[in-house]
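Down below is the structure, laid out as structure tokens.
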Amino acid sequence: MVSKGSGERYAGRIRVLIVGPSLEILGGQSVQAKRLLDGLASSAAVDVEFLPVNPRFSAPLRWMQRVKLLRTVATSVAYGWSLLRAVRHTDVVHAFSASYWSYLLAPLPAMLAARLWGKPAILNYHSGEAADHLARWPRSRATMRALAARIVVPSQYLVNVFGNFAMPATSIANVIPLEQLPFRERRTIRPAFFSNRNLEPLYNVACTLRAFARVQAVHAHATLVVAGDGSCREELLALAKELNLRNVEFVGRVAPERMGELYDQADVYVNSPNIDNMPLSIIEAFACGLPVVSTDAGGIPFVVDHGRTGLLVGIADDHAMASAMLGLIDDPELAREMARAAREECLSRYVWPAVREAWEQLYLGLARTPAEPRAATPAR
């Protein structure tokens, strides 16, 4: 269940085990884990391996993953056993983390295994729900303090959130693969909009649909492509019908390597979450030359500089969002200026060369000071 990222180990190199969701669970963590593995594969200092928190079962046992409760138990047992075997032979454990129960089921066991074998563990926390998680789950805070040698987050926003709980965190930005994201300067701005978020309540894609309805009242030929899937899919389809929307296409889950085509076909990227951290989709839109309209949820103002690299509106304000969308169509020069500034920022902050040294130096520093095995605080 452990996949190698850089082949045979050479003397003096650091062995890093990255623990996170595989691309079978398509989301920001799985995409970033894959990009980190790809970047480290050519490292002169690090040998990297990957252990999925969602291991695939062999064909005779795959039926268990179709039964909800049995799937959770069987996956947890298989994951835990893989951890115990893999962590023993590594120097640093790098565990990707979300919030609440996801934290308990995935990174916490990885950090416990690291403590058992006396290995340092990095908690790489990516959730925009961090403030609520840390406030309401004090035992999660206790286990993070006890087990994580370092807490790493992708934005200054999360550095501040953890700091509010007296928990120091380091920011290392998410990265994007420019080779998969075609850049196009848009001379005119068509009313061709794109949304790329999971269809879950916290991302409030309904706000995008309502804003698009206002835009379509002005530009009857306007189009909207909605990528992603989730628990709100049927509700959103019904809302599109209720609003009498035309030219709206729900394309479902899209593999990361195909996403560039959808960005390239659009002229404005729209994002309307109620809770968020550092959306990869915004950075990808920057790379493709798409002007961005987004709500100012969570850490987004740390990514989008309002008026310079994009336009920000209030949470759940579809009227303001529609006004911003229409403003970009009416002022293509402003849209181009923002897209150019966003592209420049993307090239300086969100590509592998900009973060490679930070990751390598972190791994090297921790490998020289391994954690001492000791009892961990029980998780809530």
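Throughout, numbering of the chain's residues begins at 1 and tracks the sequence. Only a predicted model underlies this, so the values are computations on that prediction, with no experimental measurement involved.
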query = What's the spacing between Y350 OH and M278 CE if we round to 0.5 Å?
reply = 4.0 Å
ask   = If only atom types and distance count, is the side chain of R184 paired as donor or acceptor with the main-chain N or O of D267 below 3.5 Å?
value = no
ask   = Which atoms form the tightest heavy-atom contact between S195 and T208, and what is the distance?
value = CB-CG2, 4.3 Å
Single-linkage hydrophobic cluster, 4.5 Å side-chain cutoff, V205 and L312 together = no
message = Looking only at the side chains, is there a donor atom on one of Y203 and D276 sitting less than 3.5 Å from an acceptor on the other?
response = no
query = Taking the side chain as C-beta and beyond, is there a heavy-atom pair between V16 and I14 under 4.5 Å?
reply = yes
message = Tell me the closest heavy-atom pair linking A173 and V355, and the distance in Å.
response = O-CG1, 3.7 Å
query = Are any side-chain N or O atoms of R187 and backbone N or O atoms of E185, one a donor and one an acceptor, separated by less than 3.5 Å?
reply = no
Salt bridge (charged side-chain N to carboxylate O under 4.0 Å, His left out) contacts in which one or both residues fall within residues 283-293, not counting sequence neighbours = R35-E284
request  = For side-chain contact (heavy atoms from CB on, under 4.5 Å), just list the numbers for V226 and L236, CA-CA rounded to whole Å, side-chain angles, deciding distance to a tenth of an Å, and then say yes or no.
outcome  = CA-CA 10 Å; V226 179; L236 292 169; 5.9 Å; no
inquiry  = Hydrophobic clusters here meaning ILVMFWY residues chained together by side-chain heavy-atom distances under 4.5 Å, can you tell me if L209 and V215 are in one?
reply    = yes
query = Strictly by modelled atom types, are S140 and H133 linked by a side-chain donor-acceptor pair under 3.5 Å?
reply = yes
key: side-chain contact (heavy atoms from CB on, under 4.5 Å) between W359 and V152, intermediate numbers included   = CA-CA 10 Å; W359 281 120; V152 178; 3.6 Å; yes
Contact check, side chains of L108 and L147, non-hydrogen atoms, under 4.5 Å = yes
query = Is there a side-chain contact (heavy atoms from CB on, under 4.5 Å) between N196 and Y269 once you walk through the steps?
reply = CA-CA 8 Å; N196 173 24; Y269 178 74; 4.0 Å; yes
inquiry  = Donor-acceptor check, side chain of Y79 to backbone of A106, threshold 3.5 angstrom: yes or no?
reply    = yes
query = Transitively linked via ILVMFWY side-chain contacts under 4.5 Å: W101 with M111?
reply = yes
query = Where does the angle between the aromatic ring planes of Y363 and H94 fall among parallel (under 30°), tilted (30 to 60°) and perpendicular (over 60°)?
reply = tilted
ask   = Among pairs that include at least one residue of residues 150-169, which meet salt bridge (charged side-chain N to carboxylate O under 4.0 Å, His left out), considering only residues two or more places apart or in two chains?
value = none
task = Examine distances only and state if a side-chain atom of N274 and a backbone atom of I315 form a donor-acceptor pair shorter than 3.5 Å.
result = no
ask   = Under the side-chain contact (heavy atoms from CB on, under 4.5 Å) criterion, do D331 and E333 qualify, and how do the steps go?
value = CA-CA 5 Å; D331 192 348; E333 182 55 35; 3.9 Å; yes
inquiry  = With a 4.0 Å cut-off on N to O distance, would you call D47 and R15 a salt bridge?
reply    = no
message = What I'd like to find out is whether the side chain of L36 reaches to under 4.5 Å of the side chain of V48, using heavy atoms alone.
response = no
query = Hey, are the side chains of L116 and L84 touching, using non-hydrogen atoms and a 4.5 Å cut-off?
reply = yes
query = Between R343 (side chain) and A287 (backbone), is there a donor-acceptor pair under 3.5 Å?
reply = yes
Side chains of V351 and V175 in contact at under 4.5 Å (non-hydrogen atoms) = no
query = For the hydrophobic clusters of this structure (ILVMFWY residues joined by side-chain heavy atoms under 4.5 Å, transitively), does one cluster hold both V254 and I176?
reply = yes
query = Y103 and S127: side-chain donor and acceptor closer than 3.5 Å?
reply = no
message = With a 3.5 Å distance limit and no angle check, can you tell me whether W352 reaches the backbone of L40 through a side-chain donor-acceptor pair?
response = no
remark   = Closest heavy-atom pair, L181 versus G260, reported as atoms and distance to 0.1 Å, is CD2-CA, 4.2 Å
key: Ring centroid separation F162 to Y125 under 6.0 Å   = yes
request  = Without swapping roles, check the side chain of T309 against the backbone of A341 for a donor-acceptor pair under 3.5 Å.
outcome  = no
ask   = Taking the side chain as C-beta and beyond, is there a heavy-atom pair between Y263 and S281 under 4.5 Å?
value = yes
query = Within a radius of less than 6.0 Å around CD of E357, do more than 12 heavy atoms belonging to other residues, nucleotides or ligands occur?
reply = no
ask   = Counting N and O atoms only, with roles assigned by atom type, does the side chain of K119 sit under 3.5 Å from a partner on the main chain of T90, one being a donor and the other an acceptor?
value = yes
ask   = Can you tell if the side chain of V293 reaches within under 4.5 Å of the side chain of F193, non-hydrogen atoms only?
value = no
key: Inter-residue atom distance L362.CG - N124.CG, 0.5 Å rounding   = 9.5 Å
task = Considering non-hydrogen atoms only, spot the tightest contact between F286 and C346 and give its length.
result = CB-CB, 4.0 Å
Euclidean distance, R349 CZ relative to I283 CD1, rounded to 0.5 Å = 8.0 Å
ask   = About how many Å separate SG of C207 and CG of N271, when rounded to the nearest 0.5 Å?
value = 10.0 Å
ask   = Sub-3.5 Å donor-acceptor pair from the side chain of S272 to the main-chain atoms of N204, do we have one?
value = yes
task = Consider only side-chain heavy atoms of I, L, V, M, F, W and Y, link residues closer than 4.5 Å, and tell whether V248 and L262 are in one cluster.
result = no
Closest approach of P21 to N54 (non-hydrogen atoms, all atoms of both residues) = CA-OD1, 3.6 Å
ask   = If you look at every heavy atom in L290 and V268, which pair is closest and at what distance?
value = CD2-N, 3.3 Å
query = Does the pair R340/E337 count as a salt bridge with the N-to-O cut at 4.0 Å?
reply = no
query = Above 12 or not: heavy atoms from other molecules or residues under 6.0 Å from CZ of R308?
reply = yes
message = To the closest 0.5 Å, what do you measure between CG (N247) and CG (L224)?
response = 9.5 Å
key: Rounded distance [0.5 Å steps], CD in E261 versus CD in Q180   = 11.0 Å
task = State, with a plain yes or no, whether a side-chain heavy atom of F183 is found less than 4.5 Å away from one of C288.
result = no
task = Please check if any side-chain donor atom of N277 sits under 3.5 Å from a side-chain acceptor atom of H126, or the reverse.
result = no
ask   = Are there more than 12 heavy atoms of other residues, nucleotides or ligands under 6.0 Å from atom CZ of R258?
value = no
ask   = So which pairs with a foot in residues 212-237 pass side-chain hydrogen bond (donor to acceptor under 3.5 Å, both in side chains), sequence neighbours left out?
value = E200-S231, R214-D318
